[in-house]
Amino acid sequence: MECGFCEKYCPSKSLTLTPRQRIAVHREIKRLQALAHRSQEEESELLELKKGYEYEVVQTCAGCSMCAVACPLEIDSAKIANAYNNENARGIFLAKFLAKNLNKGVKVAKWGLNLAHCGSKIIGRERMKSLSLSLNEKFHTPIVPIFMPRANRYPLNSRIHGAKSVIYLSACLNRAFAPPALAKDKRSLQEVFENLCKKAKISVLYPESVKNFCCGKAFKNYTLKMPELNPLKAMTNELLSLSENGKIPLVCDHSACSAQLLSKLGEKLKIYDMSEFVEKEILAHLNIEPLEEDIGLFVVCSGKKCGFDVSLKKLASLCTKARVYEHKNTHCCGFAGDKGFIKPKLNANALKDLKNYFANLKITRFYSSSSTCEVGLSDATKEAWQHLIYLVDELSG
């Protein structure tokens, strides 16, 4: 089926290929490879298709699977890129090391963030971004966005506030990231969530191995062939024990990771995305004094697919007497985990319509639910985006 319903959902449309085109290229390569005898024209065609395959089909696929949401048959073209990456996995030794020593990987990430901010202070944020884009073009090194997160130094210690508890699984990215220097609220996301729980008299419990926690998405290029590389496997028994076999709920602070946890452990454990937990378990204990100004909201692709958007929109509407603006035709921001740092053109292409939409509105407060997506959204709009719970905490005293 090649109806094209999916094309408007794809963040790489007009940059490289759409899902329908990716499937067509993949199918044609397989057809040509299966031929017992190829003509010179067919050999040339195969060579040309394979030459552009990695960038056009794999590297610029965000892996968001929004194409499957739009497709009447739920065809997920992201599986093409995922399968290719697993078949051609690089850096397996490093992946194996990080899977068992994720805390060291987070420390290295924090070191990189400190280095990036040091450079930005010396030469300025705009020049640093421009320089990093030039280096990215030549050497494929990570870019340094204007709204680059700072290194997170907040200690993750359990906080006892009452008889009711929640287990907090802070994503590896959020253990590394603190809000950028240009953010309105520079507290770590963990501190903000703990403060909301304190208001609701809910104790916050961190697993002993939280420093090595990962939902597994960071290893998706390896786990089809080597499922044992998923760090979540090593934590499952601890989470079952700490949660009393699902009695105590778990909350995750990055929507993409929440979605991954639900897909892997949702049948065994009660798992909330942070926006859901705040709306369903904390909101009733808060006295929110709403703003009288418009705010911007973006529901990330995992939030749309898993239904977290219901909680986000309810919270946003309670936080202002004015309007909540969304650009509903941007279905995925294209940042795709760390891909926005390596393939910035994908993120820029995905957000060009959203950028123009918000440019015509006088909004200075923007909110979402995934720290990586917020980096790209911030650079596109020139205003800092933060998790919506920052606003909820601010307005609830």
Side-chain angles (χ1 to χ4, degrees), residues 63-65 68-69 76 78-79 82 86 95-96 98-103 105-106 156 158 164-176 189-190 193 197 202-282 300-312 337 369-372 387 389:
C64 61
S65 300
V69 173
D76 185 359
K79 290 180 178 179
N82 195 26
N86 275 264
K96 288 181 177 179
L98 288 175
K100 295 180 179 179
N101 301 276
L102 204 61
N103 61 321
V106 171
L156 304 185
S158 295
K164 191 173 181 179
S165 300
V166 64
I167 298 166
Y168 185 4
L169 295 175
S170 187
C172 48
L173 286 164
N174 287 336
R175 298 198 302 276
L189 184 57
Q190 294 86 355
F193 180 69
C197 286
I202 298 174
S203 296
V204 179
L205 308 177
Y206 290 98
E208 287 185 12
S209 58
V210 69
K211 291 183 179 179
N212 281 308
F213 165 67
C214 175
C215 69
K217 281 187 73 70
F219 297 88
K220 67 179 181 179
N221 290 343
Y222 306 93
T223 48
L224 282 182
K225 293 181 71 176
M226 294 176 284
E228 68 277 6
L229 276 187
N230 190 338
L232 191 59
K233 287 182 173 292
M235 281 192 71
T236 301
N237 289 335
E238 180 188 357
L239 294 176
L240 285 168
S241 176
L242 185 60
S243 70
E244 300 175 10
N245 288 317
K247 183 179 177 182
I248 301 173
L250 284 73
V251 67
C252 185
D253 55 12
H254 192 292
S255 289
C257 302
S258 301
Q260 183 76 356
L261 284 171
L262 279 168
S263 70
K264 299 297 182 183
L265 299 177
E267 294 182 0
K268 298 178 180 179
L269 298 166
K270 190 173 184 179
I271 297 167
Y272 286 100
D273 182 58
M274 184 167 279
S275 57
E276 284 187 307
F277 187 81
V278 170
E279 186 257 314
K280 294 178 180 179
E281 303 293 336
I282 295 180
V300 300
C301 48
S302 54
K304 294 182 177 82
K305 290 185 291 182
C306 294
F308 307 151
D309 57 330
V310 176
S311 294
L312 274 169
S369 64
S370 291
S371 55
T372 42
H387 199 293
I389 72 162

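Note: hydrogens, waters and symmetry copies are ignored here, and every other heavy atom, side chains too, is used. This structure is a prediction, so every number in the text was calculated from the model and none was measured.
Put simply, OG on S275 and NE2 on H387 are 5.5 Å apart, with the number rounded to the nearest 0.5 Å. Interatomic distance, D273 CG to K280 NZ, rounded to the nearest 0.5 Å: 10.0 Å. Between atom CG of residue L250 and atom CG of residue L269 there is a gap of 5.5 Å, rounded to the nearest 0.5 Å. The distance from the NZ atom of K211 to the CG atom of N101 is 13.5 Å, given to the nearest 0.5 Å. Interatomic distance, L312 CG to M274 CE, rounded to the nearest 0.5 Å: 11.5 Å. Separating the CD1 atom in I271 from the CD atom in Q260 is a distance of 10.5 Å, to the nearest 0.5 Å.
Panel note: side chain N103, backbone N212; no donor-acceptor pair is recorded below 3.5 Å. Of the possible donor and acceptor atoms, none in the side chain of N221 sits under 3.5 Å from a partner among the backbone N and O of N86. For the pair R175 (side chain) and V210 (backbone), a donor-acceptor distance under 3.5 Å is present. A side-chain donor-acceptor contact under 3.5 Å links S370 to the backbone of S255.
The two residues S65 and A78 make their nearest non-hydrogen contact at OG-CB, 3.7 Å. In terms of heavy atoms, P249 sits closest to Y272 at CB-CE1, 3.6 Å. Pairing each heavy atom of Q190 with each of N174, the nearest pair is NE2-O, 2.9 Å. In plain terms, the two heavy atoms of S158 and Y206 that are nearest each other are OG-N, 3.0 Å. Considering every non-hydrogen atom in both S165 and I248, the closest pair reads O-CG2, 3.6 Å.
Atom NZ of K270 sits in a sparse spot, with 12 or fewer heavy atoms from other residues, nucleotides or ligands closer than 6.0 Å. Within 6.0 Å of CD on E228 lie more than 12 heavy atoms contributed by other residues, nucleotides or ligands. Counting non-hydrogen atoms of neighbouring residues, nucleotides and ligands closer than 6.0 angstrom, the NZ atom of K305 exceeds 12 such neighbours.
Inter-residue side-chain proximity for F277 and I202 is flagged as met; some heavy-atom pair is nearer than 4.5 Å.
Using modelled atom types, one finds a donor on one side chain and an acceptor on the other under 3.5 Å when comparing T372 with H254.
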